[in-house]
There are 2 protein chains.
Amino acid sequence: MRILIVEDEPGIANFLRDGLEEEAFAVDVAGTGNKGLEMAQLNEYDIILLDWMVPGISGIEVCRQIRKENAVVPIIFLTAKDTVNDIVFGLEAGANDYIKKPLQFEELLARIRVQLRTREGEHAILNVGNIEMNLETHQVFNNSKEIVLTQKEFSLLEYLIRNKGKVCTRTRIIEHVWDIHFDADTSVIDVYIKFLRKKLDMGNDYIHTIRGVGYIMRED
Amino acid sequence: MRILIVEDEPGIANFLRDGLEEEAFAVDVAGTGNKGLEMAQLNEYDIILLDWMVPGISGIEVCRQIRKENAVVPIIFLTAKDTVNDIVFGLEAGANDYIKKPLQFEELLARIRVQLRTREGEHAILNVGNIEMNLETHQVFNNSKEIVLTQKEFSLLEYLIRNKGKVCTRTRIIEHVWDIHFDADTSVIDVYIKFLRKKLDMGNDYIHTIRGVGYIMRED
DNA sequence: AAAATTTTTTAAGGTAATTTTAAGAATTAA
DNA sequence: TTAATTCTTAAAATTACCTTAAAAAATTTT
């Protein structure tokens, strides 16, 4: 899952990035409103965290602009203010939720999960066939037998399962899992698909190759 | 262990916080019913202390709401009232226990231990493999041989054992054990993991490292 | 109040695991 | 058959963790 953080304070931004990367998100950080808006327009994020008091264009304005062009991406705003008025104002500008500073990471994570859930109707447990992923405990099971995956393997598997039944193009995979947004002359995806197929002992049963396009995860 | 105190009188709240922190709990305080409800909904607490007479939403209402969404978290209510009716009323609203003001800290602590015990079907003694923690006496044994741990070591071990079988991310550890909620550019977790591994002479048998994520405690 | 002790935190170099690169082999489609 | 694409493997590069020692902070003793 790909997330954009618009936040100028490096302390908070780094805290969020580290924590979210541990939770297997692909994280981008923008330090100004303008930069954040630009990144939101150019990339497809699964969720956006937006500080209300960033330099450059105000958070509210960034939110309005994003919402004008993208009706679905969930936006959570971070605010030091907490008067009812400010919150209403923020929600009216198109935000889906808000969280007050100082931030409690688990609270934020709970709110993020709520947004992703309502949008996608899923639980903290994803599965295909006999493969089960628990996003909270970071565990993967194949026929109830635990499989230890590295961070990148986990992240790739999550992306494929979340999109099961749909083709995942190489470009989308490299963007959502590796967070690379330019021409990537790399075979890293092939290698990781190989890792997953091997570790999960699934041959080509789950991850099917679509030549010239990418991969697709199928139940059967 | 993470605890939420919903209490408006600063004197009592501080008294409780200090005492519970000495017992190695990570403590959050909410001064109003609304705030308390919100925090309870967004965070995972191991136990909640709820004053019956807080400003904002009443304690009873807070309790009902929390219980509606979370069937397991133990709730102990603090009350100046002590008629049978009030107590019944409170327990019917979903509380697990009550304690009368003025508070005796030892009594409160005992009731907290009872709740944590009954909730998890365990004694005041936690264990993994041959390692045993006695929460009341603050002692740790490895194969019946006592191991002396410092406060932080004890607290970290407790968190890991209570979450055994689940991955504890670095961010979660730093929040639950150190109560730090911002970017922590620190290697203090690594060092304490090392301390525990050394003192408990367990090599990597119990505490497994999950690179890029955190640690997990396993029985075998 | 100062000194001694213990606990906690910081910092830095070494080490091991993960991630990426790269190149030849195998497969597929035209 | 040829050209393009993917698979497979191994090695290089990078990153995160481990380990150690010492500094800083907190606590206890003198």
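From a predicted model like this one, the values you see are computed outputs, not experimental measurements. Only this structure's heavy atoms are used, side chains among them; waters, hydrogens and symmetry mates stay out. Below, chains carry the letters A, B, ... as their sequence lines are ordered, and counting in each starts from 1.
Going from atom CD1 of B/Ile210 over to atom C1' of C/dT18 covers 13 Å, rounded to whole Å. In this structure, A/Asp190 places its CG atom 7 Å from P of D/dT6, rounding to the nearest Å. Here the C1' atom of nucleotide C/dT15 and the NZ atom of B/Lys194 are 13 Å apart, to the nearest Å.
Side-chain proximity of A/Tyr215 to D/dT6, D/dA16, D/dT9: nearest is D/dT6. Side-chain proximity of A/Arg197 to the nucleotides D/dC7, C/dA17, D/dT19 is greatest for D/dC7.
Residues meeting the salt bridge (Lys or Arg N to Asp or Glu O under 4.0 Å) test with B/Asp8, sequence neighbours left out: none. Legend: residues meeting salt bridge (Lys or Arg N to Asp or Glu O under 4.0 Å) with A/Lys164, ordered by chain and number and at least two apart, are A/Glu219.
Among residue pairs with one or both ends in residues 147-157 of chain B, those qualifying as salt bridge (Lys or Arg N to Asp or Glu O under 4.0 Å) are B/Glu153-B/Lys199; sequence neighbours excluded. Applying the ring pair (Phe, Tyr, Trp, His ring centres under 6.0 Å) test to every pair with at least one member in residues 10-44 of chain B, sequence neighbours left out, gives these pairs: B/Phe15-B/Phe105.
Within the structure, every side-chain polar atom (N or O) of A/Arg170 is placed at least 4.0 Å from both OP1 and OP2 of D/dT5.
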What does nucleotides 6-13 of chain C look like as a protein-contact string, B for base, S for sugar-phosphate only, - for none, at under 4.0 angstrom between heavy atoms?
-> -SBBBB--

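For the helix from C/dA1-D/dT30 to C/dA30-D/dT1, the angle separating the two terminal helix axes comes to 30°, with each axis derived from five pairs and the value rounded to 10°.
Formation of a donor-acceptor pair under 3.5 Å by the A/Arg170 side chain with backbone atoms of A/Tyr215 is not found in this model.
With respect to the salt-bridge test (charged N to carboxylate O, under 4.0 angstrom), the residues A/Glu175 and A/Arg2 qualify.
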